[in-house]
Student: 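Have a look at this one before I ask anything.
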Amino acid sequence: MAANSMTAKQAVVGGLWTEVPVLRLVLGMCPTLAVTASVKPALTMGLSVLFVLFCSNIVVSLMRNLLKPHLRILMFTLTIATFVTIADLFLKAFMPEMSEVLGPYVGLIIVNCIIIARAEACASKNGIFISAVDAISMGVGFTIVLCLLASVRELISAGTIFGVQIMWKSFVPWVAMSLPVGAFITLGLMLGLVNLLTGKKS
């Protein structure tokens, strides 16, 4: 098994800036486009992904020396599925309305590229501490992007953020921003802005 290949600083900087899953690696597009019509479901999805990412990274790190190459992906998937089921049942038990709003997208965390990518790239090669730091920074980075995207869409489509009226009374909402086209427009502008700030041309 490979030796430690990442420092805590690299994990934090990577998750919050240089490797932000949505804006730099373009991973996790399904929930990013589907649940960002308003901030509450976006925040719930972000925290759910953070929980699954943290727990699965810890477990994968613990069993990294036992992993066989041909069973690696299977073990990753089973581990991730266990924690996704826990998150899904928690939402159904304690936040049934939010669970209904998120619909199948909680279950689809199992196939979220961000989580299996971190299991492969970090947790299977590093100890618990680095794996935990990597999971937290990646999860927080993902949650921040979801909330930013949702804030823009909710503000323009309804004049609110977290359901609180922000825009003036005469403001005319642009309902299209609550639809899939609004997600594509907002995400495209955010990607363009990040590329502009980082000088990325292709």
Side-chain angles (χ1 to χ4, degrees), residues 2 5-37 39 41-64 67 72-88 90-91 102-151 183-184 186-188 190-191 194-195 198 200:
S5 57
M6 182 183 296
T7 65
K9 182 180 178 181
Q10 287 174 328
V12 171
V13 174
L16 297 178
W17 181 242
T18 58
E19 296 180 31
V20 176
V22 174
L23 299 180
R24 306 301 292 275
L25 304 178
V26 197
L27 294 177
M29 288 295 105
C30 183
T32 301
L33 296 171
V35 304
T36 55
V39 180
L43 179 60
T44 306
M45 174 58 73
L47 294 178
S48 298
V49 170
L50 175 57
F51 166 75
V52 174
L53 188 54
F54 180 80
C55 294
S56 59
N57 256 22
I58 294 292
V59 172
V60 170
S61 176
L62 285 171
M63 65 182 183
R64 68 187 188 282
L67 290 173
R72 195 179 72 257
I73 299 301
L74 175 62
M75 295 305 294
F76 292 169
T77 306
L78 287 174
T79 302
I80 294 166
T82 300
F83 293 110
V84 170
T85 302
I86 293 172
D88 192 26
F90 178 86
L91 290 175
L102 293 174
Y105 294 104
V106 176
L108 287 175
I109 293 174
I110 294 172
V111 292
N112 191 316
C113 300
I114 298 169
I115 298 173
I116 202 159
R118 298 324 299 172
E120 173 70 18
C122 179
S124 66
K125 300 173 183 173
N126 292 278
I128 295 176
F129 177 69
I130 295 297
S131 299
V133 172
D134 178 77
I136 292 172
S137 63
M138 284 287 169
V140 170
F142 179 69
T143 304
I144 290 173
V145 172
L146 252 61
C147 289
L148 284 174
L149 186 60
S151 297
F184 282 107
T186 310
L187 179 61
M190 289 178 69
L191 286 169
V194 169
N195 287 345
T198 58
K200 185 177 179 180

Student: Between V59 and F83, is any pair of side-chain heavy atoms under 4.5 Å apart?
Tutor: yes
Student: Of the options T143, L146, N112, which is the one that meets V49 in a side chain to side chain contact (heavy atoms under 4.5 Å, CB included)?
Tutor: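 Going through T143, L146, N112 one by one, the side chain to side chain contact (heavy atoms under 4.5 Å, CB included) with V49 is satisfied by N112 alone.
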Student: May I ask you to test the V106-F90 pair for a side-chain heavy-atom distance under 4.5 Å?
Tutor: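 They are not in side-chain contact.
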Student: Enter the distance from E19:CD to D134:CG here, rounded to the nearest 0.5 Å.
Tutor: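 E19 atom CD to D134 atom CG measures 8.0 Å (nearest 0.5 Å).
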Student: Check whether any side-chain heavy atom of F184 lies under 4.5 Å from a side-chain heavy atom of L33, and answer yes or no.
Tutor: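 In short, these two side chains touch, coming nearer than 4.5 Å.
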Student: How long is the straight-line distance from CD1 of I110 back to CG of L78, given to the nearest 0.5 Å?
Tutor: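 The CD1 atom of I110 is 10.0 Å from CG of L78, to the nearest 0.5 Å.
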Student: Check for a donor-acceptor pair, side chain of T186 on one end and backbone N or O of L149 on the other, with a separation under 3.5 Å.
Tutor: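 Not at all, since once roles are kept as given, no pair shorter than 3.5 Å links the two residues.
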Student: Nearest 0.5 Å, please: how far is CG in N126 from CD in Q10?
Tutor: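 So the CD of Q10 and the CG of N126 are separated by 9.5 Å.
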Student: Mind listing the closest non-hydrogen atom pair of L50 and A135 along with its distance?
Tutor: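 Heavy atoms only, the tightest pair is CD1-O, 3.7 Å.
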Student: What heavy-atom pair brings S131 and G127 nearest, and what distance separates the two atoms?
Tutor: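 Heavy-atom minimum between the residues: OG-O, 2.8 Å.
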Student: Enter the distance from L191:CG to R24:CZ here, rounded to the nearest 0.5 Å.
Tutor: 10.5 Å
Student: With a 4.5 Å limit on heavy-atom distance, are the side chains of V22 and L187 in contact?
Tutor: yes
Student: At what distance, to the nearest 0.5 angstrom, does OH of Y105 lie from OG1 of T32?
Tutor: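 These two atoms lie 11.5 Å from each other.
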Student: Should L91 and L102 count as side-chain neighbours, where that means a heavy-atom distance under 4.5 Å?
Tutor: yes
Student: State, to 0.1 Å, how close G15 and P21 come at their nearest heavy-atom pair, and which atoms those are.
Tutor: O-CD, 4.2 Å
Student: For a side chain to side chain contact (heavy atoms under 4.5 Å, CB included) with F76, tell me which candidate from I73, L74, T79 qualifies.
Tutor: I73
Student: Got V60 and E120 here, is their nearest side-chain heavy-atom distance under 4.5 Å?
Tutor: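 A side-chain contact is absent here, since even the closest heavy-atom pair is not under 4.5 Å.
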Student: Keeping the roles fixed (side chain from S61, backbone from N57), state whether a donor-acceptor pair exists under 3.5 Å.
Tutor: no
Student: What's the shortest heavy-atom distance between S56 and L53, and which atoms?
Tutor: OG-O, 3.3 Å
Student: With V145, which of T36, L23, V140, V194 fulfils side chain to side chain contact (heavy atoms under 4.5 Å, CB included)?
Tutor: L23
Student: Evaluate side chain to side chain contact (heavy atoms under 4.5 Å, CB included) for I86 paired with F51, printing each intermediate quantity in order.
Tutor: CA-CA 10 Å; I86 293 172; F51 166 75; 4.0 Å; yes
Student: Mind listing the closest non-hydrogen atom pair of V133 and A8 along with its distance?
Tutor: CG1-O, 3.8 Å
Student: Going from SG on C30 to CG on L108, what distance comes out if it is rounded to the nearest 0.5 angstrom?
Tutor: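 The CG atom of L108 is 5.5 Å from SG of C30, to the nearest 0.5 Å.
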Student: Can you confirm whether F54 sits close enough to I58 that some side-chain heavy atom of one is under 4.5 Å from a side-chain heavy atom of the other?
Tutor: yes
Student: Ignoring hydrogens and geometry, is there a side-chain-to-backbone donor-acceptor pair from S124 to R64 under 3.5 Å?
Tutor: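 No, S124 side chain to R64 backbone: no donor-acceptor pair under 3.5 Å.
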Student: Looking only at heavy atoms, what is the nearest atom pair of L16 and G141, with distance?
Tutor: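 Residues L16 and G141, closest heavy atoms: CD2-N, 3.9 Å.
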